[in-house]
Number of protein chains: 2
Amino acid sequence: MTAIKESSTIQENKHYALEKCPVTFVMEKIGGYWKPIILYHLSTGDKRYSELKRAIPAVTEKMLIQHLKQLETDGLVIREAKPVVPPFVTYSLSEAGKGLLPVIDAMAAWAFKVKDGVYSV
Amino acid sequence: MTAIKESSTIQENKHYALEKCPVTFVMEKIGGYWKPIILYHLSTGDKRYSELKRAIPAVTEKMLIQHLKQLETDGLVIREAKPVVPPFVTYSLSEAGKGLLPVIDAMAAWAFKVKDGVYSV
DNA sequence: CATGATACATACTTTAGGGTAAGTACTTGT
DNA sequence: ACAAGTACTTACCCTAAAGTATGTATCATG
């Protein structure tokens, strides 16, 4: 979790956008290359860390946990670790996370419309 | 409009995500700090360039046109310039752009739920 | 005659995010 | 004894996206 500089215009602007724009607020939560994909894979039920890793082969381990941690601190996913060895950790969507599924669906619907040529883009 | 390098892992991964994930596809279109805000301001009707500028004081002119151009080439907004001087340019949502409004709304709805404490985040 | 308004453009710098590579700790299987 | 699987962590690098600053052309107005 890369530390962020406190004083930079980019952060101030982000803050501005965050306050003014609910969409930016959501984007903060599910933005990034892998977060939506992770969310998608968790939408079908909880998964172990290694299952996610195998399900999304293109993601690096660093990115995977980094995003999982961020999703966790954002309250979108729940991490449950059984105190056994080898470790057994499962990730699942929280209620807030599940609440995002309609958003995801609306996005997917639009994307498919575009790909089907419904809009003349 | 910063040129993108064709060969870099980040681009390959983006491509992967784009193919596999409709959500990432949408994110490509409306991601960035200012795009959602621009879209929001255009949702209430077409606006002149200077109106947008005044409506979103925190955005720099560079970012504003850069995103407007990108939204235009992505087919989400329509630019209309009257050949007069001083210039008179209006931006409005295309059909595809309007098609995104449900997505925006779903996002806003979720954001407000979070802020109202509906989810225990 | 110079300032302001219109709608941009462009060179340069910074930073946040993503990527690479390697290491940790502990156990089971061969 | 050593590889493999579990779930991470950490140090370092690279780039795309955002920001800064300034310039352009044309006309109206004071």
Side-chain angles (χ1 to χ4, degrees), chain A residues 1-18 24 27-38 47-54 56-70 72 77 79-91, chain B residues 1-18 24 27-38 47-72 77 79-91:
Chain A
M1 282 224 250
T2 10
I4 52 168
K5 280 214 171 164
E6 209 36 73
S7 60
S8 71
T9 319
I10 187 163
Q11 283 305 317
E12 283 167 39
N13 279 346
K14 203 175 242 177
H15 184 75
Y16 164 86
L18 232 47
T24 305
M27 226 71 103
E28 272 284 293
K29 308 290 180 190
I30 65 173
Y33 295 162
W34 305 108
K35 276 190 199 168
I37 301 175
I38 294 170
K47 293 255 168 10
R48 290 186 66 177
Y49 172 81
S50 50
E51 288 182 288
L52 284 172
K53 210 176 66 177
R54 274 190 293 271
I56 319 168
V59 76
T60 65
E61 291 202 66
K62 183 204 163 194
M63 282 294 106
L64 186 53
I65 18 130
Q66 189 173 297
H67 282 139
L68 281 171
K69 296 281 167 200
Q70 224 163 90
E72 194 196 352
V77 312
R79 192 192 101 113
E80 275 166 308
K82 287 183 187 162
V84 294
V85 62
F88 192 98
V89 180
T90 50
Y91 291 92
Chain B
M1 280 230 250
T2 10
I4 53 167
K5 280 211 173 169
E6 209 36 76
S7 59
S8 70
T9 318
I10 187 163
Q11 284 303 320
E12 283 167 40
N13 279 345
K14 203 175 243 175
H15 183 76
Y16 165 85
L18 232 46
T24 305
M27 227 72 103
E28 274 282 294
K29 307 291 180 190
I30 64 174
Y33 296 162
W34 305 108
K35 276 192 200 167
I37 301 175
I38 294 170
K47 293 257 170 3
R48 290 186 65 177
Y49 173 80
S50 50
E51 288 182 289
L52 285 171
K53 210 176 67 178
R54 273 190 294 272
I56 319 168
V59 76
T60 65
E61 291 202 65
K62 185 205 164 194
M63 282 296 106
L64 186 54
I65 19 134
Q66 188 173 297
H67 282 139
L68 281 170
K69 297 280 167 199
Q70 224 163 92
L71 289 167
E72 194 197 352
V77 312
R79 192 192 101 114
E80 274 166 308
K82 287 182 187 163
V84 294
V85 61
F88 193 97
V89 180
T90 50
Y91 291 91

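Values below: all heavy atoms of this structure, side chains included; hydrogens, waters and symmetry mates excluded. Note that this is a predicted model, so its numbers are computed, not measured.
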When you get a sec, tell me which of D:dT10, D:dA18, D:dC8 is the closest nucleotide to the side chain of A:Lys62? D:dT10

Which residues satisfy the side-chain contact (heavy atoms from CB on, under 4.5 Å) test with B:Val59, sequence neighbours excluded? B:Trp34, B:Ile56, B:Met63, B:Leu64

Output the distance between atom CG (B:Leu68) and atom NZ (B:Lys47), rounded to the nearest 0.5 Å. 12.5 Å

If every non-hydrogen atom of A:Arg54 is compared with every non-hydrogen atom of A:Pro57, which pair is closest and at what distance? O-CD, 3.6 Å

I'd like to know if the side chain of B:Glu51 reaches the main chain of B:Arg48, judged simply by a donor and an acceptor atom lying under 3.5 Å from each other, with no hydrogens or angles considered. yes

Using the ring of B:Phe88 (Phe, Tyr or Trp, six-membered ring only), decide whether B:Lys82 places NZ or CZ under 6.0 Å from its centre and within 45 degrees of its axis. yes

If only side-chain N and O atoms of B:Arg48 are considered, is one of them under 4.0 Å from the OP1 or OP2 phosphate oxygen of C:dA7? yes

Minimal heavy-atom distance between A:Pro36 and B:Met27, with the atoms involved, is CG-CE, 3.8 Å

Contact class for B:Lys53 vs. all strands (heavy atom < 4.0 Å): base, sugar-phosphate, or nothing? nothing

For nucleotides 22-24 of chain C, print each protein N/O atom paired with a nucleotide N/O atom at under 3.5 Å, atom names and distance only.
none

Take the protein atom CG of A:Leu64 and the nucleotide atom C1' of C:dT20, then report the distance between them rounded to whole Å. 16 Å

Could you tell me the separation between the NZ atom of B:Lys35 and the CD1 atom of B:Ile30, rounded to the nearest 0.5 Å? 9.0 Å

For B:Glu51 and C:dC8, give me the distance from atom CD to atom P, rounded to whole Å. 13 Å

A:Ser8 vs C:dA16: side-chain N/O to OP1/OP2 distance below 4.0 Å: yes

Does C:dA5 have its OP1 or OP2 closer than 4.0 Å to a side-chain nitrogen or oxygen of B:Ser50? no

What's the spacing between B:Ile37 CD1 and A:Thr24 OG1 if we round to 0.5 Å? 4.5 Å

Can you pull every protein N or O that's under 3.5 Å from an N or O on nucleotides 26-30 of chain D?
none

Among C:dG19, C:dC8, D:dC8, find the nucleotide with the atom closest to the side chain of A:Trp34. C:dG19

To the nearest angstrom, how far is A:Glu72 atom CD from D:dC8 atom C1'? 13 Å

Measure from the side chain of A:Tyr91, starting at C-beta and using heavy atoms only, and say which of D:dC8, C:dT20, C:dT6 lies closest. D:dC8

In whole Å, what is the span from the CG atom of B:Leu68 to the P atom of C:dA9? 11 Å

Measure from CD1 on A:Ile56 to C1' on C:dG19 and round the result to the nearest Å. 16 Å

Could you tell me the separation between the NZ atom of B:Lys69 and the CZ atom of B:Arg79, rounded to the nearest 0.5 Å? 4.5 Å

With a 4.0 Å limit, can you tell me whether A:His67 has a side-chain N or O closer than that to the phosphate oxygens OP1/OP2 of C:dG18? yes

For A:Glu28 and D:dA17, what is the distance between atoms CD and C1' respectively, to the nearest whole Å? 14 Å

Are any of A:Thr9's side-chain N or O atoms less than 4.0 Å away from OP1 or OP2 of C:dT14? no

One should read off an interatomic distance between A:Tyr33 OH and A:His67 NE2, to the nearest 0.5 angstrom, of 10.0 Å

Quickly work out the B:Ile65 CD1 to D:dG19 C1' distance and round it to whole Å. 13 Å

Report yes if a side-chain nitrogen or oxygen of A:Arg54 is closer than 4.0 Å to either non-bridging phosphate oxygen (OP1 or OP2) of D:dG5; otherwise report no. no

Could you tell me the separation between the CE atom of A:Met63 and the P atom of C:dG17, rounded to a whole number of Å? 10 Å

